[in-house]
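Order of the sequence lines fixes the chain letters, A, B, ..., with proteins taken first and strands second; residue numbering starts at 1 for each chain.
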2 protein chains.
Amino acid sequence: METLLRVIRQLIVLDEEEESIVSRLFTSRRLAAGEYFLEEGRTCRHVGFIEKGLVRYYLNVDGQEKTMYFNREGEFVCNYSSFLPKTPSRVAIQALENTELMVISFEDLQHFYAAVRGAERFGRLAIEQVFVTHIEQLRSLYTDPPETRYRQFLEAYPDLVQRLQQYYIASYVGIKPQSLSRIRKRLSS
Amino acid sequence: METLLRVIRQLIVLDEEEESIVSRLFTSRRLAAGEYFLEEGRTCRHVGFIEKGLVRYYLNVDGQEKTMYFNREGEFVCNYSSFLPKTPSRVAIQALENTELMVISFEDLQHFYAAVRGAERFGRLAIEQVFVTHIEQLRSLYTDPPETRYRQFLEAYPDLVQRLQQYYIASYVGIKPQSLSRIRKRLSS
């Protein structure tokens, strides 16, 4: 809970009562590696804050899993395109390591917005940050060749290279694992 | 200005003084068809609200223009991935029709957030709406074949089929104009 409060306090002021509201509204949840934060076809009912661990977002395309995105400790995890309009998710979110989260339901999040003075501001700033990374990813898919996308992955997630199987990184970059090996060789020489 | 106030009032309450603050902070701007709201390489300094007209967002990929997105009357236009971190934009935003906007600068937007009670809430809700459409577009690029993407375009923008040149629609769907013609024939038969 302390990490979450610290992240919120980086953007807004919280007094003691507001801290205790936050502490009541978020509850802890654990996922073992391989378990799902959100399964394909289910509606995303929670936003999670990752205290420890790593998840991936993926899509099922004709039986093939395409990895779109990662979140790790210190970040929020949610499929907003299911959570906000309350529609079934086409994206699955799976823990890749044993993961510890603080989660809040849609209803309790509305309560947070109503009960904490700076909450709307926090919500706006937090979603702006996530939004910018999404726009960049969309742009990158349109314009960047795989080698550039891999370099950007290294810059954005230097800590994840050791934690992720090559298979997931290749899928995120949008290439086969063999092609990723060739790119890695070229970059290291 | 009336349309903009109506759109804001759909999400939050504005008293008279707050209405006059909004009226002071937004200024009107006109773009002739072909003119730019944002040129590639420039930093996006304004958010615009489209009162009348139509713009497209595009990327330059090896000399080819790839259309990513459209906005028309009643919608906000901005490249948030340039506007928020104040970095040069790789995306260009061009008016496709004579377009009338109300624009607000980054600095005045911060003033809006500080001076209008519900402004943070409005900002959060407005960006959530745009964000959801972006996530869906990213998902669609990963999973959907061109015919599905064209059908979704028709659903999302039924009014734009008549207003846009085929060239732009094909570019948005991610195919050549000839392929779009074939899809249209198949759908109409």
Side-chain angles (χ1 to χ4, degrees), chain A residues 11-12 40 44 57-69 78-87 89-92 109-110 112-114 116-145 148 171-172 174, chain B residues 11-12 40 44 57-69 78-87 89-92 109-110 112-114 116-145 148 171-172 174:
Chain A
L11 295 177
I12 59 168
E40 187 190 342
C44 185
Y57 297 56
Y58 72 85
L59 277 163
N60 229 310
V61 186
D62 304 326
Q64 275 219 324
E65 292 176 1
K66 297 217 180 185
T67 298
M68 297 176 71
Y69 203 65
C78 180
N79 177 10
Y80 294 97
S81 76
S82 166
F83 179 77
L84 293 171
K86 296 180 180 165
T87 52
S89 177
R90 301 195 40 185
V91 175
L109 185 59
Q110 308 318 305
F112 167 69
Y113 287 134
V116 173
R117 280 163 309 157
E120 290 283 0
R121 178 173 177 80
F122 173 77
R124 174 178 68 80
L125 295 169
I127 206 161
E128 280 181 1
Q129 288 175 2
V130 185
F131 188 29
V132 167
T133 67
H134 266 78
I135 301 175
E136 262 310 290
Q137 198 185 347
L138 188 59
R139 194 224 20 96
S140 171
L141 270 180
Y142 271 102
T143 59
D144 295 336
T148 308
S171 173
Y172 174 83
Chain B
L11 295 177
I12 59 168
E40 186 189 344
C44 185
Y57 296 57
Y58 72 85
L59 278 163
N60 230 310
V61 187
D62 304 326
Q64 275 219 325
E65 293 177 0
K66 295 214 180 186
T67 298
M68 296 175 73
Y69 203 67
C78 180
N79 177 11
Y80 294 97
S81 77
S82 166
F83 179 77
L84 293 172
K86 298 181 179 163
T87 52
S89 177
R90 301 196 39 185
V91 175
L109 185 59
Q110 307 318 306
F112 167 69
Y113 287 135
V116 173
R117 279 164 309 157
E120 291 283 0
R121 179 175 175 79
F122 173 77
R124 174 178 68 81
L125 294 170
I127 207 161
E128 281 182 359
Q129 288 175 2
V130 185
F131 187 29
V132 167
T133 68
H134 267 78
I135 302 176
E136 262 310 290
Q137 199 186 345
L138 187 60
R139 195 225 17 98
S140 171
L141 270 180
Y142 272 102
T143 59
D144 295 335
T148 308
S171 173
Y172 174 83

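Of all heavy-atom pairs between B:Leu141 and A:Tyr142, the closest is CD1-CE1, 3.6 Å. Shown here for B:Ser81 and A:Glu136, the closest heavy-atom pair between the two residues is OG-OE2, 3.8 Å. Here the closest non-hydrogen pair linking A:Tyr80 and B:Val132 is O-CG2, 3.8 Å.
To the nearest 0.5 Å, atom CD1 of residue A:Ile12 and atom CD of residue B:Glu120 are 10.0 Å apart. Annotation: the span from A:Tyr57 atom OH to B:Leu138 atom CG amounts to 12.0 Å, rounded to 0.5 Å. From B:Tyr113, atom OH reaches atom CZ of A:Arg121 across 9.0 Å, with rounding to the nearest 0.5 Å. Taken to the nearest 0.5 Å, the CD1 atom of B:Ile135 stands 10.0 Å off from the OG atom of A:Ser82. To the nearest 0.5 angstrom, B:Leu59 atom CG is 7.0 Å from A:Arg139 atom CZ.
Comparing B:Arg90, B:His134, B:Gln129 by how many heavy-atom pairs each has under 4.5 Å with chain A, the most go to B:Arg90.
Within the 4.5 Å cutoff, the side chain of A:Ile127 has heavy atoms near those of the B:Glu128 side chain.
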side-chain contact (heavy atoms from CB on, under 4.5 Å) evaluation trace for B:Phe131 with A:Val130: CA-CA 9 Å; B:Phe131 187 29; A:Val130 185; 3.7 Å; yes

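With a 4.5 Å cut-off on non-hydrogen atoms, B:Thr67 touches chain A through its backbone but not through its side chain. Neither the backbone nor the side chain of B:Asp62 comes within less than 4.5 Å of any heavy atom in chain A.
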